[in-house]
Amino acid sequence: MTESIAQLPKPKGLDLAFRSEKRLKEELCVYALLSAMTGNDQLVIGHESSGKPLLEGWSISISHTRGWVAVILSDDYQVGIDIEYSSDRVSKVVERFIREDEQRATLAQQLINWSAKETVYKLCSEQKLDYFDMRLHTLQSDIDTVFEQKRHTSDAVRGAVRVDVLKTKEVVTVHYELTPDYVLTYSFLDFR
């Protein structure tokens, strides 16, 4: 999010009364991405009572974190996305979201676990999942190299991890991109 608020498009019908300039900028960046993805700058996102975004004719998922915004949408698949800035804050709450039978030794493992579970939570929102209702399979070993070297955001480690949804015995594949600055995760399920 490097643009100023003045540089971002402001869709008609969008309520711009936000408590903070940061939140307004995030919302306008979401609409800039939505317009770039669809070619339509008049779309307005609604929300369910749970806060889940709604867009007529589309499945949409949105995430934002310190300086980053992510949007995924599809008219063929149910979608989920999460983006988190890289920091050790997850290490302080690891017991709240990582099961004993999951990898947790490194910051990279913790960030991917947190973000992947946020993505599956959004993807399967009707199931009202808890972090411990999901279990990540083994992550690839090269993820830890992101923080071991002086790397740039363009030096992302990309991969996929399978996540067991224990309530339904479903297995969801979550794709990830891990950089020194952020972790991005996303997934999609066929509507059928």
Practice task
Say whether, by atom type as modelled, one donor and one acceptor occur between the side chain of Arg99 and the main chain of Arg135 under 3.5 angstrom.
Solution key: no
Completion exercise
Minimal heavy-atom distance between Ile5 and Leu24, with the atoms involved, is CD1-CD2, 3.9 Å
Exercise for the section: Consider only side-chain heavy atoms of I, L, V, M, F, W and Y, link residues closer than 4.5 Å, and tell whether Leu54 and Tyr31 are in one cluster. Expected result: no
Problem - Side-chain heavy-atom pair Ile83, Val183 within 4.5 angstrom cut-off - result: no
Handout entry: Close side-chain approach of Gln127 and Thr168, heavy atoms under 4.5 Å
Key = yes
Practice task
Begin from the C-alpha positions of His137 and Gln103 and carry the test side-chain contact (heavy atoms from CB on, under 4.5 Å) through to its verdict.
Solution key: CA-CA 9 Å; His137 291 218; Gln103 293 169 286; over 6 Å; no
Fill in the blank from the handout: When rounded to the nearest 0.5 Å, the distance separating CG of Asp144 from CD of Gln140 is 10.0 Å
Completion exercise
CD1 of Ile72 to CE of Met37, rounded to nearest 0.5 Å, is 7.0 Å
Exercise for the section: Would you please say whether a donor-acceptor pair under 3.5 Å links the side chains of Ser91 and Gln110? Expected result: yes
Handout entry: Thr185 side chain vs Thr119 backbone, donor-acceptor pair below 3.5 Å
Key = no
Handout entry: Intermediate values then yes/no, side-chain contact (heavy atoms from CB on, under 4.5 Å), Asp190 and Asp76
Key = CA-CA 7 Å; Asp190 198 329; Asp76 293 323; over 6 Å; no
Handout entry: Minimum side-chain heavy-atom gap Leu111-Ser86 below 4.5 Å
Key = yes
Exercise for the section: Answer yes or no: does atom CD of Glu126 have more than 12 heavy-atom neighbours from other residues, nucleotides or ligands under 6.0 Å? Expected result: yes
Problem - Sub-4.5 Å side-chain heavy-atom contact between Leu129 and Lys167 - result: yes
Problem - Contact check, side chains of Glu102 and Asn113, non-hydrogen atoms, under 4.5 Å - result: yes
Handout entry: Sub-4.5 Å side-chain heavy-atom contact between Val171 and Val163
Key = no
Handout entry: Pair Ser63-Asp82, side-chain donor/acceptor within less than 3.5 Å
Key = yes
Practice task
Specify the closest pair of heavy atoms between Tyr176 and Leu139, including all atoms of both residues, with the distance to one decimal.
Solution key: CE2-CD2, 4.2 Å
Practice task
Give a yes or no answer on whether the side chain of Ser74 reaches the backbone of Ser59 with a donor-acceptor pair at less than 3.5 Å.
Solution key: no
Practice task
State whether the side chain of Asp130 and the backbone N or O of Phe132 hold a donor-acceptor pair below 3.5 Å, judged by distance alone.
Solution key: yes
Problem - Minimum heavy-atom distance between Leu34 and Leu43, given as atom pair plus value - result: CD2-CB, 4.0 Å
Handout entry: Nearest atoms (heavy-atom pairs only) where Ser61 meets Pro53
Key = CA-CG, 4.4 Å
Practice task
Kindly give the heavy-atom pair with the smallest separation between Val161 and Thr138, and that separation in Å.
Solution key: CG2-O, 4.3 Å
Practice task
Report yes or no: do Leu166 and Leu123 belong to one cluster of Ile/Leu/Val/Met/Phe/Trp/Tyr joined by side chain heavy-atom distances under 4.5 Å?
Solution key: no
Exercise for the section: State whether the side chain of Thr145 and the backbone N or O of Asp142 hold a donor-acceptor pair below 3.5 Å, judged by distance alone. Expected result: yes
Problem - Heavy-atom pair of closest approach, residues Ile98 and Arg104 - result: O-NH2, 2.7 Å
Handout entry: Charged N-O contact under 4.0 Å between Arg23 and Glu27
Key = yes
Exercise for the section: Please answer whether the main-chain N or O of Val157 pairs with a side-chain N or O of Thr179 as donor and acceptor at a distance below 3.5 Å. Expected result: no
Handout entry: Inter-residue atom distance Tyr186.OH - His175.NE2, 0.5 Å rounding
Key = 5.0 Å
Practice task
Decide whether a cation-pi geometry holds between Arg89 and Tyr85; the criteria are a distance under 6.0 Å from NZ or CZ to the six-membered ring centre and an angle within 45° of the ring axis.
Solution key: yes
Handout entry: Side-chain donor or acceptor of Gln109 paired with backbone N/O of Ala105 under 3.5 Å
Key = yes
Handout entry: Heavy-atom side-chain contact between Ile62 and His64 under 4.5 Å
Key = yes
Problem - Main-chain N/O of Glu84 paired with Arg66 side-chain donor or acceptor, under 3.5 Å - result: no
Practice task
Count the heavy atoms of every other residue, nucleotide or ligand shown that sit under 6.0 Å from OH of Tyr121, and state whether that count exceeds 12.
Solution key: no
Practice task
Please answer: with hydrophobic residues joined when any side-chain heavy atoms are less than 4.5 Å apart, are Val44 and Leu55 in the same cluster?
Solution key: yes
Exercise for the section: Over 60° means perpendicular and under 30° means parallel, so classify the ring planes of Tyr182 and Trp68, tilted if in between. Expected result: tilted
Practice task
In sequence, state the C-alpha distance, the side-chain angles, and the governing distance for Thr173 and Phe188, and then conclude on side-chain contact (heavy atoms from CB on, under 4.5 Å).
Solution key: CA-CA 8 Å; Thr173 299; Phe188 46 90; over 6 Å; no
Problem - Cationic N near anionic O, under 4.0 Å, Lys22 to Glu26 - result: yes
Problem - pair Val165-Val120: side-chain heavy atoms closer than 4.5 Å - result: yes
Handout entry: Backbone N/O of Ile81 and side chain of Lys122: donor-acceptor pair under 3.5 Å
Key = yes
